[in-house]
K.L.:
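Take this structure, written in structure tokens, and hold onto it; I'll ask about it next.
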2 protein chains.
Amino acid sequence: MPSSANSELPGFDDVKDAAGRLAGRALPTPLLESALLNDALGFRLLVKAEVLQRTGSFKFRGAYNRISRFTAAERRRGVVAYSSGNHAQGVAAAAKVLGAPATIVMPKDAPALKIANTRAYGAEIVFYDRLKDDREAIGARIAAERGLMLVKPYDDRYVIAGQGTVGLEVAGDARARGIALDALIVPCGGGGLISGCALAMAEESPGTKVYAAEPAGWDDTGRSLEAGTRLSNPPGGSGLCDALLAPTPGEMTFALNSRLLAGAFAVDDAAVYRAMAAAFRHLKLVVEPGGAVALAAALANAKDWQGETVVCVLSGGNVDPALFADVLAKRI
Amino acid sequence: MPSSANSELPGFDDVKDAAGRLAGRALPTPLLESALLNDALGFRLLVKAEVLQRTGSFKFRGAYNRISRFTAAERRRGVVAYSSGNHAQGVAAAAKVLGAPATIVMPKDAPALKIANTRAYGAEIVFYDRLKDDREAIGARIAAERGLMLVKPYDDRYVIAGQGTVGLEVAGDARARGIALDALIVPCGGGGLISGCALAMAEESPGTKVYAAEPAGWDDTGRSLEAGTRLSNPPGGSGLCDALLAPTPGEMTFALNSRLLAGAFAVDDAAVYRAMAAAFRHLKLVVEPGGAVALAAALANAKDWQGETVVCVLSGGNVDPALFADVLAKRI
């Protein structure tokens with residue numbers, strides 16, 4: 001039974017299988033660039049615009065891949081997930097498409113847009129306090145009490161494989177256009193997106209180095225890669241990148257990432273703001289803070305990429321208008 | 001000689017020919033939608049995201065198609081164009097790709113972003129006063145004095161044909177996805193984009209009605225369609241939609257539009273702001289005021305589209321950050 005094997009590590013075949021399931025469901029998002037930005041930077045910068053994905057982030061991919069494997073009875077009972085908002089919307093939207101009721105455990109300080117959209121997809125929302133409560137425990141309790149299937153945000157074979165279709169598309173598009181990719185930089189919270197992408201690139205574009213981008217203070221994957229073991233984040237980091245505030249690398253994702261990644265970058269809030277403004281100006285894309293960390297890392301380290309070709313995943317665009325306005329007006 | 005026949009009306013074959021020239025040069029932009037927005041509206045709303053086109057607007061298409069037909073000697077001498085900013089960037093970028101020096105006549109109150117980008121593509125800029133000077137006369141004088149080829153913004157067979165590739169892609173994408181299109185709404189200034197799109201739709205999707213969207217006070221095409229003759233705009237209209245401030249319908253474009261369009265909508269500034277905010281929230285796209293008028297028309301007339309499928313062209317995204325911030329923060 002596929003749904004009982006979801007704690008096994010995924011392989012490349014799982015990513016290809018996910019791509020088949022997502023065909024006609026998820027949007028194959030475009031790989032975009034700006035000639036002016038390339039000229040200014042001195043290297044070719046492509047962005048994988050997952051902000052244009054259904055629900056405004058890549059999370060629909062993994063959620064759909066996971067829920068599509070549930071039995072009819074499991075779907076009828078429904079699903080539960082915990083998330084700051086993008087996995088919430090991904091699960092809620094995928095559950096709606098597949099006819100499963102969804103219950104989502106969200107921090108009460110999640111962006112208003114993410115809460116409103118999750119509700120608009122028809123999900124029931126249970127709030128928790130990000131600083132006091134244990135969201136995994138709440139999710140497990142609701143799953144047990146109500147007989148619901150838990151859809152974890154990253155430590156799940158089929159969630160990772162679904163997110164990996166982002167990497168599969170990047171490699172395929174680049175090959176079709178005759179572009180050799182030197183590096184792929186991917187936003188990293190729990191590590192689901194990047195581990196899936198790294199699986200795809202290892203097979204389809206083995207010459208491409210894959211790097212994680214994390215917010216400063218939430219650079220657990222970068223420090224864990226150096227230490228060779230999973231380390232946690234200290235308390236007190238900026239909460240700007242709400243999509244990337246996982247406390248520690250996932251078990252499954254770190255097992256993959258420690259084998260497949262070339263390194264990691266940590267970026268501060270100012271670099272994130274600059275990346276959001278650059279995406280607005282040059283690419284006409286709305287990117288949320290957590291979705292902009294890979295672009296922030298590319299821009300902040302431009303001197304190291306001279307003459308190379310770098311892809312950054314813009315992983316999500318669900319940002320409240322007031323915050324975006326503040327970024328554009330340089331009030332923060 | 002093709003370049004001497006540019007005052008003849010284009011036909012569908014010209015659009016197809018332009019598509020061939022633009023292959024690998026212009027980006028085939030995606031047709032996007034939001035499930036939540038569709039649910040809220042009661043009809044299926046697709047957007048043709050020309051904000052993602054090279055230079056941030058559709059204008060690259062027509063400019064490239066036109067300049068690509070110049071002789072080597074004509075390219076060496078260079079091109080001149082007058083434009084509030086999107087045609088400016090389109091001509092400057094296409095000229096750069098094709099090795100032609102570009103001189104651009106721009107209003108001195110054009111958006112700063114458009115001026116900066118036009119210059120960044122390597123063009124020389126000559127400023128004029130939008131309220132006092134005659135830009136067409138300035139363009140003609142510079143062309144004569146310097147021996148440059150004038151690339152008109154809309155009254156040109158190959159410019160119209162190039163813009164028409166937007167409609168060709170819309171019809172092709174819809175057919176490939178099995179979507180029947182009831183209506184296509186297109187922003188209209190001088191009428192180049194919409195006349196080209198209408199040529200393409202008449203051939204490739206004849207059941208689709210094509211409507212112009214214009215800013216209130218600049219609804220010359222709508223009034224001209226009703227009157228059956230070309231009428232001018234009265235002075236004093238809002239300058240918000242800087243991309244759409246043509247004084248009167250073009251001669252060539254009106255000859256096509258009066259035959260091919262189903263009608264026109266005029267939208268006020270408040271409707272444009274709402275459309276920009278909706279594109280931000282639901283589609284993660286940055287749209288400039290003039291680029292948002294078709295979406296504004298679709299949203300403002302939602303009750304008339306119930307159950308139908310409507311495509312809006314988002315024609316440009318070159319908006320200054322301060323204005324966009326004001327729109328998001330509802331300060332205007």
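Residue numbers start from 1 in every chain, and the chains themselves are labelled A, B, ... in the order their sequence lines are given, proteins ahead of strands.
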K.L.:
For Ile115(B) and Ala110(B), work out which heavy atoms get closest and say how close.
P.N.:
CD1-O, 3.5 Å
K.L.:
Applying the side chain to side chain contact (heavy atoms under 4.5 Å, CB included) test to Leu295(A), which of Ile185(A), Leu45(A), Leu285(A), Val313(A) qualifies?
P.N.:
Leu45(A)
K.L.:
Residues in side-chain contact (heavy atoms from CB on, under 4.5 Å) with Ala63(B), at least two apart?
P.N.:
Val91(B), Ala94(B)
K.L.:
Record all donor-acceptor atom pairs with a distance under 3.5 Å between chain B and chain A; write none if the list is empty.
P.N.:
{"residue": "Asp39(B)", "atom": "OD2", "partner": "Lys96(A)", "partner atom": "NZ", "Å": "3.1"}
{"residue": "Lys96(B)", "atom": "NZ", "partner": "Asp39(A)", "partner atom": "OD2", "Å": "3.2"}
{"residue": "Lys284(B)", "atom": "O", "partner": "Val286(A)", "partner atom": "N", "Å": "3.0"}
{"residue": "Lys284(B)", "atom": "NZ", "partner": "Gly317(A)", "partner atom": "O", "Å": "3.3"}
{"residue": "Lys284(B)", "atom": "NZ", "partner": "Asn318(A)", "partner atom": "OD1", "Å": "2.9"}
{"residue": "Val286(B)", "atom": "N", "partner": "Lys284(A)", "partner atom": "O", "Å": "3.0"}
{"residue": "Gly317(B)", "atom": "O", "partner": "Lys284(A)", "partner atom": "NZ", "Å": "3.2"}
{"residue": "Asn318(B)", "atom": "OD1", "partner": "Lys284(A)", "partner atom": "NZ", "Å": "2.9"}

K.L.:
Considering only heavy atoms, which portion of Ala329(A) lies under 4.5 Å from any heavy atom of chain B: side chain, backbone, both, or neither?
P.N.:
both
K.L.:
Should Leu323(B) and Leu240(B) count as side-chain neighbours, where that means a heavy-atom distance under 4.5 Å?
P.N.:
yes
K.L.:
Tell me, for Val319(B) versus chain A, whether the close heavy atoms (under 4.5 Å) come from the side chain, the backbone, both or neither.
P.N.:
both
K.L.:
Ala296(B) and Ala275(B): which non-hydrogen atoms are nearest, and at how many Å?
P.N.:
N-CB, 3.5 Å
K.L.:
Where does Leu283(B) contact chain A at under 4.5 Å (heavy atoms): side chain, backbone, both or neither?
P.N.:
backbone
K.L.:
Of all the heavy-atom pairs spanning Ala95(A) and Ile67(A), show the shortest one and how long it is.
P.N.:
N-CD1, 3.9 Å
K.L.:
Nearest heavy-atom pair of Val293(A) and Cys241(A): which atoms, and what distance?
P.N.:
CG1-SG, 3.8 Å
K.L.:
Could you tell me which non-hydrogen atom of Ile104(B) sits nearest to which non-hydrogen atom of Ala88(B), and how far apart they are?
P.N.:
CG2-CB, 3.4 Å
K.L.:
Picking from Gly24(A), Ala325(A), Ala93(A), Pro30(A), which has the most non-hydrogen pairs under 4.5 angstrom with chain B?
P.N.:
Ala325(A)
K.L.:
For Leu22(A) versus Gly162(A), what's the shortest heavy-atom pair and its separation?
P.N.:
CD1-O, 4.1 Å
K.L.:
Is it the backbone or the side chain of Ala120(B) that comes under 4.5 Å from a heavy atom of chain A, or both, or neither?
P.N.:
both
K.L.:
Report the option among Leu328(A), Val327(A), Leu36(A) that has the most heavy-atom pairs separated by less than 4.5 Å from atoms of chain B.
P.N.:
Leu36(A)
